[in-house]
Participant: 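Structure provided below as structure tokens; questions to follow.
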Amino acid sequence: MNVVTRFAPSPTGFLHIGGARTALFNWLFAKHYDGRYLLRIEDTDRKRSTQEAIDAIINGLEWLNLMPDEQPIYQSENTERQSQIVSELLANGKAYKCYCSPDELLTMREKARAAGKTRLYDGTWRDRDPTDAPKDIQPVIRFRAPIKGETVNQDLVQGSVTVSNSQLDDMVLLRADGSPTYMLSVVVDDHDMGVTHAIRGDDHLTNSFRQIQLFHAIGWAPPQYAHIPLIHGPDGTKLSKRHGALGIDSYREMGFLPEALLSYLLRLGWSHGNEEIIPLDKAIDWFDINDVGRGAARIDFDKLSYINSQYIQEKDDETLLELIKDPIEQKIGFSLDKKSMKRLKSGIHSVKSRVKIIPELIDNVKFYVQKRPLTLNKKALKVLNNDARHRLAQLADTLQELSSWSEASIEKAIKDFVNKNEINLKQIALPFRAALTGTTVSPGIFEVANVLGQQETIARLKDITHI
RNA sequence: GCCCCCAUAGUCUAGCGGCCUAGGACGCCACCCUUUCAAGGUGGAGAUCGCGGGUUCGAAUCCCGCUGGGGGUACCA
């Protein structure tokens, strides 16, 4: 089978986390079956679609590395073809003109709802003589939906889902201004694009019945549908802006890596035995749509952060350095010279296993490049009591005399210093760290001193002892 | 209101009639490592498998009802 999938967002807002997962599943499914993965912008609602939203979607997909195999398709560019299909339906009686006014429709709906009905349009113009048509009203075109029988969607995720045709009313295909509605456009475009598998959010599940009916009426075979569950907020309710209904760009700003986000999203609703962190090539190998769960999942930032920390640890130092260079310059307020870059590069290595998100990496590594004298935080200040300062002054002299500067030689010097003064390591290591980093948290202090260099280390010590 | 979907620890999930005294992961706790904080390692607490009925020798797994959650109900997508 020649698999074709599509991600079909409407450009009325940003690309959110649910959309990203839908794109991912479509992408994986296509890759798994060696098929094509396409992008279609559903912009049939011209009033609500914006260029900003289109850009946000494209940028988000680019960042996530989920760009389509072919140029994006804009639904609004196919209106001619979509309308032509309606003319055919009109010609063979499978669609008809409806002259109801919006007000009429409204009261009709209220009446139907009050009567406990689902079919909200009563079919007023379904069989009415067209010569009754009022002259001053532009009609909409409605689909003449089957009344008897039932429509079945053999959903790849939800299983067999059936609805009685008596529940579905005659949907609008063409608006009064002649523009196609979403229901029409999806059907025509999915067919024309050769879509074999439509993987989309659960919110479309009930739409699938109408679309299947339309496919049959036109004489086309519908694609296989797969309705994946929606993502909920941490409290189990609908995702809101407070939660995580954020644009993908926000996740980027929060310091998540795209591959980590993808990895997290993959395991949200899909699983492969007890596998947790799954490399992309394995994901392609293992992914199949019927392994997707049917219940909605909540977004969990703790787990996302954990996954992210794992990916940060895997990243090589150069890539990480590239990632933090600009933000760190912004943070410290001056641009990094060659020496600072070198320090950062060696410093990153052991810091990366201590952080979960990129901003943390920046915070934990920035002391390497900050200008002297360092600002000491409260805890560091507390560690640097008179005793400590006195010892650091002595240590500075000792270190001054070191002819070779390496982690090993520094360690030896300090351990000798500890023995000579009959103190324990903590008594000098902690103040040493405070003086060198301005904080009480950092990688091993021998490493820090080594990366800083002899000159800078001693200078930072003297900054403290001279106060 | 009506239609449709879902339901295993706080969270993500494994499980597809006996292998389950329900497994893994995040989070939480403890210990080890240790100059701090992480990472890493080891161990632990945490689930009457939403509830109630069936079917069966046997059910988390199949069926029905209930409850709870979600989605849809537009000349939005």
Side-chain angles (χ1 to χ4, degrees), chain A residues 8-12 42-45 47-49 75 98 100 102 105-106 109 112-121 138-142 153 155 157-159 161-164 166-169 171-177 179 181-183 185-186 201-209 227 229-230 232 234 236-238 264 267-277 293-307 309-310 313 350-356 360 364 379 383 414 418 424-434 437 439-446:
Chain A
S10 64
T12 51
E42 310 236 303
D43 56 351
T44 47
D45 186 348
K47 287 180 219 96
R48 296 204 306 150
S49 301
Q75 199 150 56
C98 166
C100 286
L105 255 19
L106 205 68
R109 268 202 290 275
R113 248 192 273 267
K117 286 179 182 161
T118 298
R119 187 180 258 264
L120 299 177
Y121 174 69
Q138 275 297 324
V140 300
I141 312 294
R142 282 184 189 270
N153 168 23
D155 200 89
V157 170
Q158 303 295 342
V161 186
T162 306
V163 76
S164 166
S166 63
Q167 300 297 331
L168 269 22
D169 64 7
M171 62 181 155
V172 172
L173 263 20
L174 247 35
R175 301 186 183 98
D177 66 1
S179 65
T181 60
Y182 159 78
M183 288 290 183
S185 303
V186 215
D202 211 7
D203 49 339
H204 285 287
L205 183 59
T206 42
N207 287 336
S208 65
F209 302 111
H227 290 93
L230 268 16
H232 287 168
T237 60
K238 197 177 166 176
Y264 172 73
R267 281 288 286 102
L268 207 58
W270 175 87
S271 60
H272 184 80
N274 281 339
E275 298 291 336
E276 286 296 338
I277 295 182
R294 290 179 293 177
R298 304 179 186 198
I299 187 163
D300 178 2
F301 281 93
D302 280 335
K303 181 139 184 196
L304 210 205
S305 298
Y306 165 77
I307 301 281
S309 74
Q310 298 296 306
Q313 284 189 54
S350 67
V351 171
K352 69 183 177 185
S353 67
R354 293 155 206 271
V355 302
K356 290 190 187 306
E360 274 176 23
N364 285 292
K379 284 182 183 168
V383 169
I414 291 186
V418 164
N424 52 40
L425 187 54
K426 273 188 188 183
Q427 284 173 286
I428 193 68
L430 267 34
F432 193 33
R433 166 174 293 112
T437 70
T439 72
T440 52
V441 175
S442 81
I445 201 64
F446 311 130

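Protein chains get the first letters and strands the later ones, always in sequence-line order, with residue 1 at the start of each. Bear in mind that the values here come from a model prediction, so they are computed numbers and not experimental data.
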Participant: Checking the side chain of A/D155 only, and the main-chain atoms of A/H227 only, is there a donor and an acceptor separated by less than 3.5 Å?
Facilitator: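 Here the side-chain-to-backbone pair exists.
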
Participant: How far, in whole Å, is B/rU13 from B/rA60 if one measures between their C1' atoms?
Facilitator: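 About 14 Å, rounded to a whole number of Å.
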
Participant: Which one, B/rC6, B/rC3, B/rA77, comes nearest to the side chain of A/E42?
Facilitator: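 Of B/rC6, B/rC3, B/rA77, B/rA77 is nearest to the side chain of A/E42.
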
Participant: Base, sugar-phosphate, or nothing for A/R267, non-hydrogen atoms under 4.0 angstrom?
Facilitator: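 Since a base atom lies under 4.0 Å of A/R267, the category is base.
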
Participant: Does the structure show a Watson-Crick or G-U wobble partner for B/rA22, both distances under 3.5 Å? Name it, or say none.
Facilitator: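 B/rA22 is paired with nothing.
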
Participant: Only pairs with both distances under 3.5 Å count, Watson-Crick or wobble alike; so what is the partner of B/rC16 in this structure?
Facilitator: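 Pair assignment: B/rC16 / none.
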
Participant: Looking across every strand, which nucleic acid part, if any, lies under 4.0 Å from A/Q167 by heavy atom: base, sugar-phosphate, or nothing?
Facilitator: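 Sugar-phosphate only.
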
Participant: Please state the P separation for the pair B/rG27 and B/rA38 - nearest whole angstrom.
Facilitator: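 After rounding to an integer number of Å, I get 12 Å for this pair.
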
Participant: Where each residue is assigned the nucleotide of RNA chain B containing its nearest heavy atom, which of A/F209 and A/E275 is assigned the position nearer the 5′ end?
Facilitator: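 Comparing both residues, the 5'-ward one is A/F209.
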
Participant: Atom CD1 of A/I299 to atom C1' of B/rC12: distance rounded to whole Å?
Facilitator: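 Distance, rounded to whole Å: 11 Å.
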
Participant: Is there a side-chain contact between A/I307 and A/I277, using heavy atoms and a 4.5 Å cut-off?
Facilitator: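 They are in side-chain contact.
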
Participant: Measure CZ/A/R294 against P/B/rC5 and give the value in whole Å, please.
Facilitator: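 Atom-to-atom, A/R294 to B/rC5, this comes out as 10 Å.
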
Participant: Taking only the P atom of each, what is the distance from B/rC4 to B/rC66 in whole angstrom?
Facilitator: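 Approximately 13 Å lies between the P atom of B/rC4 and that of B/rC66.
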
Participant: Considering every strand shown, what is the Watson-Crick or G-U wobble mate of B/rU55 when both distances are under 3.5 Å?
Facilitator: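 Pair assignment: B/rU55 / none.
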
Participant: For A/A112, which residues count as a side-chain contact (heavy atoms from CB on, under 4.5 Å) partner, sequence neighbours excluded?
Facilitator: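 With neighbours one apart ignored, the set is A/K117, A/L120.
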
Participant: For A/A297, report the nucleic acid contact type (base, sugar-phosphate, nothing); a contact means any heavy atom under 4.0 Å.
Facilitator: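 Touches sugar-phosphate only.
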
Participant: Could you say whether A/A8 or A/A115 is positioned toward the 5' end of RNA chain B, judged by the nucleotide with the nearest heavy atom to each?
Facilitator: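 Counting from the 5' end, the first nearest nucleotide belongs to A/A115.
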
Participant: If we ignore hydrogens and angles and just use 3.5 Å, is the side chain of A/T12 paired with the main-chain N or O of A/S49 as donor and acceptor?
Facilitator: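 Absent.
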
Participant: Between the protein and nucleotides 67-74 of chain B, list the N/O to N/O atom pairs that are separated by less than 3.5 angstrom.
Facilitator:
unit_1, atom_1, unit_2, atom_2, d
B/rG72, O2', A/T206, OG1, 3.1

Participant: What string of B, S and - do you get for nucleotides 31-49 of chain B 5' to 3' if you count protein non-hydrogen atoms under 4.0 Å?
Facilitator: ----BBBBSS---------

Participant: Across all strands shown, which nucleotide pairs with B/rC2 by Watson-Crick or G-U wobble geometry, both distances under 3.5 Å?
Facilitator: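 B/rC2 is paired with B/rG72.
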
Participant: How many Å lie between OH on A/Y182 and P on B/rA77, as a whole number?
Facilitator: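 Answer to the nearest Å: 9 Å.
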
Participant: Does the side chain of A/S10 come within less than 4.5 Å of A/Y182's, by heavy atoms?
Facilitator: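 Heavy-atom side-chain distance check fails, nothing below 4.5 Å.
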
Participant: Need the pair for B/rG40. Rule: Watson-Crick or G-U wobble, both distances under 3.5 Å, any strand; none if unpaired.
Facilitator: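 Paired with B/rC32.
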
Participant: Taking any heavy-atom pair under 4.0 Å as a contact, classify A/S49: base, sugar-phosphate, or nothing.
Facilitator: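 It contacts nothing in the nucleic acid.
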
Participant: Report yes if the side chains of A/D177 and A/Q138 come closer than 4.5 Å at any heavy-atom pair, otherwise no.
Facilitator: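 No. Closest side-chain heavy atoms not under 4.5 Å.
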
Participant: Rounded to whole angstroms, how far apart are NE2 on A/H272 and P on B/rG15?
Facilitator: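 That distance rounds to 10 Å.
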
Participant: How close or far is atom P of B/rC28 from atom CG of A/D300, stated in whole angstroms?
Facilitator: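 My rounded result for the distance is 11 Å.
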
Participant: Whole Å only: how far is the CZ atom of A/R119 from the C1' atom of B/rC4?
Facilitator: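 From A/R119 CZ to B/rC4 C1': 16 Å.
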
Participant: I want to check something: taking the side chain as every heavy atom from C-beta on, are A/V186 and A/T44 in contact at a cut-off of under 4.5 Å?
Facilitator: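 No, too far: nothing below the 4.5 Å cut-off.
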
Participant: A/Y306: which residues meet the ring pair (Phe, Tyr, Trp, His ring centres under 6.0 Å) condition with it, sequence neighbours left out?
Facilitator: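 Partners of A/Y306 by the ring pair (Phe, Tyr, Trp, His ring centres under 6.0 Å) criterion come out as none, since no residue qualifies.
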
Participant: Taking any heavy-atom pair under 4.0 Å as a contact, classify A/V140: base, sugar-phosphate, or nothing.
Facilitator: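 Answer is base: heavy atoms of A/V140 come under 4.0 Å of a base.
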
Participant: Rounding to the closest angstrom, what is the interatomic distance between B/rU11 and B/rG69 at atom P?
Facilitator: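 Here B/rU11 and B/rG69 have their P atoms 15 Å from each other.
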
Participant: Expressed in angstrom and rounded to an integer, what is the separation of A/D302 atom CG from B/rU13 atom C1'?
Facilitator: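 Computing the A/D302:CG to B/rU13:C1' distance gives 16 Å.
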
Participant: Does the structure show a Watson-Crick or G-U wobble partner for B/rA7, both distances under 3.5 Å? Name it, or say none.
Facilitator: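 Partner of B/rA7: B/rU67.
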
Participant: Can you check the A/I307 CD1 to B/rU11 P distance for me, whole Å?
Facilitator: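 Going from A/I307 (CD1) to B/rU11 (P), I get 18 Å.
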
Participant: Would you mind classifying the nucleic acid contact of A/S305 as base, sugar-phosphate or nothing, using non-hydrogen atoms under 4.0 angstrom?
Facilitator: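 Touches nothing.
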
Participant: Quote, to the nearest angstrom, the P distance that separates B/rU61 from B/rG52.
Facilitator: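 It works out to 13 Å between them.
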
Participant: Assess, by modelled atom type and distance only, whether the side chains of A/R433 and A/S442 contain a donor and an acceptor separated by less than 3.5 Å.
Facilitator: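 A/R433 vs A/S442: donor-acceptor pair found between side chains.
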
Participant: Between B/rC5 and B/rA30, how many Å separate the two P atoms, rounded to a whole number?
Facilitator: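 Comparing P positions in B/rC5 and B/rA30 gives a spacing of 47 Å.
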
Participant: Applying a 4.0 Å non-hydrogen cut-off, can you work out what A/M183 is touching in the nucleic acid: base, sugar-phosphate, or nothing?
Facilitator: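 It contacts base atoms.
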
Participant: Say we look at B/rA14 and B/rG50: how far apart would their P atoms be, to the nearest angstrom?
Facilitator: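 To the nearest whole Å, 14 Å.
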
Participant: For nucleotides B/rC2 and B/rG65, find the distance between their P atoms and express it as a whole number of Å.
Facilitator: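 Their P atoms lie roughly 15 Å apart.
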
Participant: Taking salt bridge (charged side-chain N to carboxylate O under 4.0 Å, His left out) as the definition, give me every residue that meets it alongside A/R267, ordered by chain and number, with sequence neighbours left out.
Facilitator: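 Testing A/R267 for salt bridge (charged side-chain N to carboxylate O under 4.0 Å, His left out), a comparison that skips the adjacent residues, returns A/E276.
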
Participant: Quick one: list whatever passes side-chain contact (heavy atoms from CB on, under 4.5 Å) with A/H272, sequence neighbours left out.
Facilitator: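 Here the qualifying residues are A/W270, A/E275, A/W286.
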
Participant: Nearest 0.5 Å, what's the CG-CZ distance between A/L174 and A/R142?
Facilitator: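 Spacing of CG (A/L174) from CZ (A/R142) equals 12.5 Å.
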
